[in-house]
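For reference, positions follow the sequence shown, starting with 1. Indexing begins at 1, ligand by ligand and atom by atom, following the structure's order. All values reported here derive from a predicted model rather than from experimental measurement.
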Amino acid sequence: MQEIKIERTKTPKAKPADQTRLGFGKIFTDHMYIMEYTEGQGWHDPRIEPYHPIVLEPSAMVFHYAQEMFEGLKAYHTQDGRVLLFRPDKNIQRAENTCRRLCIPPVPQEDFHNALETLISVEKDWIPTQPGTSLYIRPFIIATDASLGVHPSHSYLFIIILSPSGAYYPGGLDPVKIWIEDDYVRAVRGGIGEAKAGGNYAASLKAQMKGEAEGYAQVLWLDGVERKYIEEVGSMNIFFKIAGKVITPKLNGSILPGVTRATCLELCRAWGMEVEERRISVDELVEAAKTGALEECWGSGTAAVISPVGALRYGDTVMDIAGGGIGPVSQKLYDTVTGIQTGRLEDSFGWTVEVK
Ligand SMILES: *Cc1c(COP(=O)(O)O)cnc(C)c1O
């Protein structure tokens with residue numbers, strides 16, 4: 001395993017005094033992790049340094065052809081003062097899959113893990129302690145060759161930054177309204193939809209703006225070919241409960257395989273619920289809403305964990321779900337996942353990893 005050089009800041013910043021006003025992704029901690037890749041040499045010189053701007057050539061490949069990947073996970077403070085990561089092995093494996101899809105040399109998994117744990121350990125005091133708060137972890141890799149030729153870069157930077165984040169639901173779980181987009185698409189099978197890549201987000205902004213202008217918080221994407229089958233939400237996977245069964249779109253190459261998605265599936269199965277991963281058309285949803293069979297809908301993702309959906313809009317059809325409120329399965333998933341993440345509930349699945 002690589003040895004990480006640590007240079008501590010001489011001018012530590014004041015920690016945010018009011019944890020109710022952290023927001024998301026706006027404040028960064030004192031240090032960052034950085035490592036370089038050079039062809040022939042591999043990943044080298046891992047170090048933790050005071051948080052600082054990076055200098056790149058204007059011709060750096062990432063600016064022109066978006067050879068970039070990222071991950072997102074959180075560290076949580078438990079009531080008895082421990083620090084927990086939630087299923088980091090899943091993020092590290094997904095990072096490797098994303099790298100392979102984007103022709104980025106993957107960071108060896110044990111080095112990735114060591115980078116996360118070492119940086120979080122250095123920044124322990126930055127993890128907020130109020131209920132619902134966490135330390136958001138953003139690892140990413142960018143292509144840095146100074147070249148406009150279209151080919152995989154020969155040099156890269158792997159960086160991890162940390163951001164103390166506020167409670168997603170300061171007033172308790174809160175249902176969102178979602179816009180089903182039938183014009184723009186996010187990804188197609190064979191593209192990079194299943195990779196966690198910034199490029200996918202650039203493709204999503206236009207529809208997000210459209211949905212917001214109509215008063216909807218998020219966009220639900222349909223498949224890129226027929227625009228008929230449900231895929232996922234902006235930065236969340238999507239679940240339905242129809243006539244007692246939990247249903248989520250099957251991973252088909254254009255859907256991001258969420259860690260929270262996998263967690264929801266494993267929990268529902270452990271609870272003895274009937275669970276299906278399959279294709280589900282928007283027509284089936286509209287029909288289920290009409291007959292009253294559509295009992296619940298929720299999004300799953302690291303940021304919100306579980307996001308109950310109170311209404312879906314498709315063209316002129318507005319589907320109200322769970323009376324616009326929070327369904328019992330959504331609530332139970334939220335309570336269970338956040339309970340395990342923060343050490344409130346026993347982790348019988350072995351999902352949490354303690355950072356010393
Ligand atoms: C990250 C992400 C998700 C959710 O994945 P989690 O691992 O559960 O956080 C879903 N969709 C997209 C497009 C994403 O980028």
Take Tyr136 and Phe24, measure what ring-ring contact (aromatic ring centres under 6.0 Å, His included) needs, and give me the verdict at the end.
CA-CA 8 Å; Tyr136 185 77; Phe24 175 74; 4.9 Å; yes

Contacts under 3.5 angstrom, residues 349-356 side chains, donor-acceptor by atom type, not counting sequence neighbours:
| unit_1 | atom_1 | unit_2 | atom_2 | d |
| --- | --- | --- | --- | --- |
| Thr352 | OG1 | Asp347 | OD2 | 2.7 |

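- Between the side chains of Glu49 and Tyr33, not a single donor N or O lies within less than 3.5 Å of an accepting N or O.
- Phe70 has its ring centre no less than 6.0 Å from the ring centre of Phe140.
- Glu123 and Thr29 are linked by a side-chain donor-acceptor pair at a separation below 3.5 angstrom, with hydrogens and angles left out of the test.
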As a test of reading the model: which N/O atoms of the protein lie under 3.5 Å from N/O atoms of ligand 1, and at what distance?
| unit_1 | atom_1 | unit_2 | atom_2 | d |
| --- | --- | --- | --- | --- |
| ligand 1 | 7 (O) | Arg94 | NH1 | 2.8 |
| ligand 1 | 7 (O) | Arg94 | NH2 | 3.2 |
| ligand 1 | 7 (O) | Val259 | N | 2.8 |
| ligand 1 | 8 (O) | Val259 | N | 3.3 |
| ligand 1 | 8 (O) | Thr260 | N | 2.9 |
| ligand 1 | 8 (O) | Thr260 | OG1 | 2.6 |
| ligand 1 | 9 (O) | Thr302 | N | 2.9 |
| ligand 1 | 9 (O) | Thr302 | OG1 | 2.6 |
| ligand 1 | 11 (N) | Glu232 | OE1 | 2.5 |
| ligand 1 | 15 (O) | Lys196 | NZ | 2.6 |
| ligand 1 | 15 (O) | Tyr201 | OH | 2.6 |

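- Ring pair Tyr51/Phe28 is parallel by interplanar angle, where below 30° counts as parallel and above 60° as perpendicular.
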